[in-house]
Each structure stands twice: as structure tokens, then as C-alpha cells.
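Reading through the C-alpha cells given below for one structure.
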Amino acid sequence: MTASPIAPHGVHLMPCDITPYRAGNTGVDYVTTFDSGRPGPHLMINAITHGNELCGAHALKFLFDEDIRTTKGKLTLSFANVGAYESFDPNYPFVSRFQDEDFNRLWNEKTLDGPRRSLDLTRARELRPVVDQADHLLDIHSVEIPQPAMLLAGTCKKGAALAKGIGAPAHVVIDAGHAAGKRLRDYAAFDDPDLPNAAMLVECGYHFFPEAVDIAIQTSLRFLNHFDALDDATLDKHLDRSAQPDQLFIEVTGPVTIETDDFVFDRVFDGFEIVPEAGTLIGTDGGNPVETPYDNCVMVMPAREPVKGKTAVRLGRLVSG
Ligand SMILES: [Zn+2]
């Protein structure tokens with residue numbers, strides 16, 4: 001394990017071998033569907049939407065190897081951006097996030113149906129019919145600096161309801177995603193308030209801490225259990241019932257977009273700090289002050305390094321779930 005100069009928090013988790021799951025049984029590489037033979041929802045758990053977010057691959061390996069199967073409906077386990085995952089290099093641990101472009105900005109129908117080509121888009125198009133069959137989705141991610149785990153619930157009420165049903169991690173972020181393109185969790189029916197299909201994105205903390213794997217596994221079990229799809233023996237053996245946090249729901253009001261090459265935070269933010277007073281200085285951008293716009297402003301997902309044109313941090317308000 002190395003402390004890469006470009007990963008100051010170190011690389012304490014490595015990819016696991018996922019080649020045993022390549023063949024699958026769906027006709028799509030790295031996608032497996034288990035059919036319980038009983039009526040019920042089709043639940044899907046997806047990993048490595050981002051190739052260097054290793055915890056999801058470990059969590060799926062656990063679900064496969066421990067024979068975690070649902071007692072009703074279907075369970076699909078999928079590894080998304082395998083090409084990116086396979087290129088992982090611990091000396092450059094952030095490079096393998098994607099191949100040509102961010103896989104998690106491609107989930108607009110227009111983009112998927114359009115003529116554009118890239119390695120990531122090819123994989124998204126392969127995976128699309130699988131996603132189309134799922135009633136509910138859990139998409140496993142992690143983040144680039146150490147910070148608390150969180151659920152990203154989207155903006156539909158059904159997303160917040162699913163977050164409540166899953167019950168942990170404690171922080172639930174209600175956000176609309178990215179202007180650059182739709183996330184898998186916001187694809188089609190998942191983002192349609194009139195349809196029951198719900199999706200959840202879990203950020204399991206820092207990419208390269210082993211604890212991220214435990215969070216990914218527990219969130220997967222909680223997701224399946226929310227749909228009452230696991231038997232008691234499985235739950236007794238694997239589910240950590242002690243973690244029953246009071247969830248905090250945070251509605252993102254907008255990003256702080258970096259305008260210059262000289263953005264500096266006023267202090268270190270680890271994520272989910274609540275800044276009590278409006279007008280508090282949180283950083284400077286080209287010498288101009290950046291201040292909180294309202295009282296009790298929550299700092300959501302501060303960036304690893306400020307890059308002009310990108311998001312420094314998202315600002316949010318506490319709301320009732
Ligand atoms: Zn991600």
C-alpha cells in the first residue's frame with residue numbers, strides 16, 4: 001500500500017479480482033441476475049460506476065460469495081465501468097475514475113440514443129437494458145477525500161422515502177445531480193415522480209479506506225431488507241442492527257463554482273459542517289470573499305483540490321425528511 005503524493009490520505013484498499021463474475025447469466029458481461037422464482041420487485045445493486053471507487057466491487061464480491069440472494073423477485077448484481085476499474089494504478093489512484101468520459105453523466109435518453117461514441121458510453125449502452133428492467137436500484141460510490149458516508153436521494157419524494165427506509169448512513173443529501181449530464185440514479189423512471197421506481201446512490205466515504213467496504217455491504221443489505229427480500233438467517237448473520245442513526249436530510253441549494261485559479265478555503269472542511277451564521281467567510285476566490293448565503297448552511301462534499309470551473313463545495317439547508 002502506498003501513500004501516493006497525489007493521494008495524501010493514502011491508498012489502503014486495492015481492487016479485488018472480479019473476473020469470476022464476468023460471464024454472468026444475462027448476456028451482458030459482469031451482470032448477473034438471480035431469480036427467486038417468487039413474485040416481487042427486481043432489485044439491482046450496481047458497483048464501479050466510477051472505476052476507482054473500489055468498495056462497491058468488494059461489496060458485490062461479498063454478496064456473490066456469501067450467497068446473499070433475495071427471497072422474492074429478482075436480484076441483479078452489476079459491475080458497471082469495468083474497463084476503468086481494470087486500469088486502476090495505486091500510484092495514480094484518481095486516474096481510473098473513467099475511461100474517456102464520466103460514465104455517471106451519460107444517463108440522458110438523448111445521450112444514450114445519440115450518435116456520440118466513447119468507451120464509457122458503449123458500456124452505458126450495454127448496461128441500459130439491464131437498468132430498464134430494474135424496479136429499484138442501489139448505486140455504490142465513494143468520494144475523493146475522507147468524509148462521512150451519505151445517501152444521495154435525488155429530488156423526488158420517493159428518493160427521500162427510500163433513504164429513510166434504508167435508514168443509514170446518517171446523512172441524506174437531496175440534490176438534482178449535475179448540469180454536465182444525468183447520473184445513473186436519475187435515469188428515466190428513477191427521476192419520474194409519477195412512477196414508483198426508486199434509486200439511491202450511496203457514497204461510502206473515502207475511496208481507499210477499507211471501512212468503505214463495510215459501509216457498502218451494510219447499505220446493500222439494508223437496501224434489500226427495506227424491500228423485505230432477505231431471510232432471517234442472512235440478516236442475523238450479516239446485518240449490523242446496532243447502527244440506527246438519526247438521519248439528517250440536507251437539501252442542496254447550489255454549488256460554489258470556482259471562478260479563478262486562486263481559490264482557497266478559509267479552513268479545512270471535512271463535510272457536513274453546519275456554519276451557523278449567514279455571511280460567514282468560507283474561502284476566497286481570486287481574492288474575493290466567498291460567504292455563506294444563509295444561516296445554518298451545511299457544507300456538502302468539499303472538493304479535494306480547487307479547480308477553476310469546478311465545484312468547491314455544495315451548500316445545503318437542513319430539511320425534514
Ligand atoms: Zn462516484
Side-chain angles (χ1 to χ4, degrees), residues 15 18-35 41-57 59-61 63-64 73-88 94-142 152 154 156 159 175-192 195-203 216 220 223:
I18 62 169
T19 54
Y21 317 110
R22 176 174 188 153
N25 62 356
T26 61
V28 181
D29 276 0
Y30 290 100
V31 179
T32 301
T33 296
F34 299 105
D35 187 344
H42 187 161
L43 305 175
M44 178 170 175
I45 302 179
N46 180 65
I48 55 173
T49 287
H50 292 127
N52 66 340
E53 301 182 1
L54 311 175
C55 62
L60 288 202
K61 180 176 162 51
L63 298 176
F64 274 111
K74 291 179 182 172
L75 171 64
T76 289
L77 303 178
S78 60
F79 300 89
N81 204 341
V82 176
Y85 179 77
E86 284 175 340
S87 73
F88 183 79
F94 297 102
V95 173
S96 53
R97 179 176 168 84
F98 52 77
Q99 299 175 87
D100 297 327
E101 60 178 329
D102 194 329
F103 182 93
N104 213 26
R105 305 288 181 271
L106 303 176
W107 291 86
N108 312 285
E109 274 93 340
K110 242 186 170 175
T111 307
L112 293 165
D113 289 332
R116 211 156 60 66
R117 298 173 74 138
S118 72
L119 291 171
D120 310 272
L121 196 41
T122 298
R123 181 58 176 159
R125 287 172 179 144
E126 281 174 13
L127 208 60
R128 184 184 186 183
V130 178
V131 181
D132 281 333
Q133 290 173 22
D135 292 309
H136 307 292
L137 167 76
L138 176 68
D139 192 20
I140 302 173
H141 290 247
S142 52
L152 301 188
C156 294
D175 75 325
H178 304 271
K182 269 195 180 188
R183 302 172 295 192
L184 174 59
R185 66 131 290 115
D186 303 316
Y187 167 64
F190 299 137
D191 200 35
D192 184 335
L195 293 174
N197 309 61
M200 187 58 56
L201 190 163
V202 60
E203 301 277 13
S220 298
F223 171 73

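Numbers for residues simply follow the sequence, beginning at 1.
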Side-chain heavy atoms of Leu106 within contact of Leu184, under 4.5 Å | no

Rounded distance (nearest 0.5 Å) linking atom CZ of Phe34 with atom CG of Leu77 = 5.5 Å

Step by step, work out the salt bridge (charged side-chain N to carboxylate O under 4.0 Å, His left out) result for Arg183 and Asp175.
-> CA-CA 11 Å; Arg183 302 172 295 192; Asp175 75 325; 3.0 Å; yes

Quick one: CZ on Phe223 to CD1 on Ile45, what's the gap to the nearest 0.5 Å?
-> 6.0 Å

Taking all atoms of both residues into account, what is the closest heavy-atom pair of Asn197 and Ala134, and its distance?
-> ND2-O, 3.5 Å

Can you find a heavy atom in the side chain of Tyr85 that is under 4.5 Å from one in the side chain of Ser96?
-> no

Expected output: side-chain Arg97 to main-chain Asp102 donor-acceptor under 3.5 Å | no

Shortest non-hydrogen contact from Ser78 toward Leu127 | CB-CD1, 4.3 Å

Test ring-ring contact (aromatic ring centres under 6.0 Å, His included) applied to Phe64 and Tyr21, step by step = CA-CA 9 Å; Phe64 274 111; Tyr21 317 110; 4.4 Å; yes

With a 4.5 Å limit on heavy-atom distance, are the side chains of Leu137 and Asn46 in contact?
-> yes

Closest heavy-atom contact between Ile18 and Ile48?
-> CD1-CD1, 4.0 Å

Stepwise salt bridge (charged side-chain N to carboxylate O under 4.0 Å, His left out) check, Lys182 with Glu109 = CA-CA 9 Å; Lys182 269 195 180 188; Glu109 274 93 340; 5.1 Å; no

Between Ser220 and Leu138, does a side-chain contact (heavy atoms from CB on, under 4.5 Å) hold up when you go through it step by step?
-> CA-CA 7 Å; Ser220 298; Leu138 176 68; 3.8 Å; yes

For Tyr187 and Asn108, does a side-chain donor sit closer than 3.5 Å to a side-chain acceptor?
-> no

Decide yes or no on side-chain contact (heavy atoms from CB on, under 4.5 Å) for Thr111 and Leu121, but give the supporting numbers first.
-> CA-CA 8 Å; Thr111 307; Leu121 196 41; 4.0 Å; yes

Test side chain to side chain donor-acceptor pair (under 3.5 Å), reference Asn81, set Asn52, Asp120, Thr49, output is Asp120

Might you confirm whether atom CZ of Arg22 has over 12 heavy atoms from other residues, nucleotides or ligands at distances under 6.0 Å?
-> no

With side chains defined as the heavy atoms from C-beta onward, is the minimum distance between His50 and Asn104 less than 4.5 Å?
-> yes

Should Glu101 and Arg117 count as an ion pair when the cut-off is N to O under 4.0 Å?
-> no

Taking atom CG of Leu63 and atom CG of Leu75, what is their separation to the nearest 0.5 Å?
-> 7.5 Å

Say whether His42 and Gln133, considering side chains only, have a donor N or O and an acceptor N or O under 3.5 Å apart.
-> no

Which atoms form the tightest heavy-atom contact between Gln99 and Gly83, and what is the distance?
-> OE1-CA, 3.6 Å

Mind listing the closest non-hydrogen atom pair of Ala216 and Ile140 along with its distance?
-> CB-CG2, 3.8 Å

Hey, does Leu119 have a side-chain heavy atom less than 4.5 Å from the side chain of Arg123?
-> no

Between SG of Cys156 and CG of Asp186, what distance do you get to the nearest 0.5 Å?
-> 8.5 Å

Side chains of His136 and Phe190 in contact at under 4.5 Å (non-hydrogen atoms) | no

Shortest non-hydrogen separation from Ala124 to Leu112 and the atoms involved | CB-CD2, 4.0 Å

Is there side-chain contact between Leu43 and Lys74, with heavy atoms separated by less than 4.5 Å?
-> no

Within-4.5 Å side-chain heavy-atom neighbours: Trp107 and Arg128 | yes

Give a yes-or-no answer on whether the side chains of Thr26 and Thr33 include a donor-acceptor pair shorter than 3.5 Å.
-> no

Under the 3.5 angstrom rule, does the side chain of His141 hit a backbone N or O of Glu203 as a donor-acceptor pair?
-> no

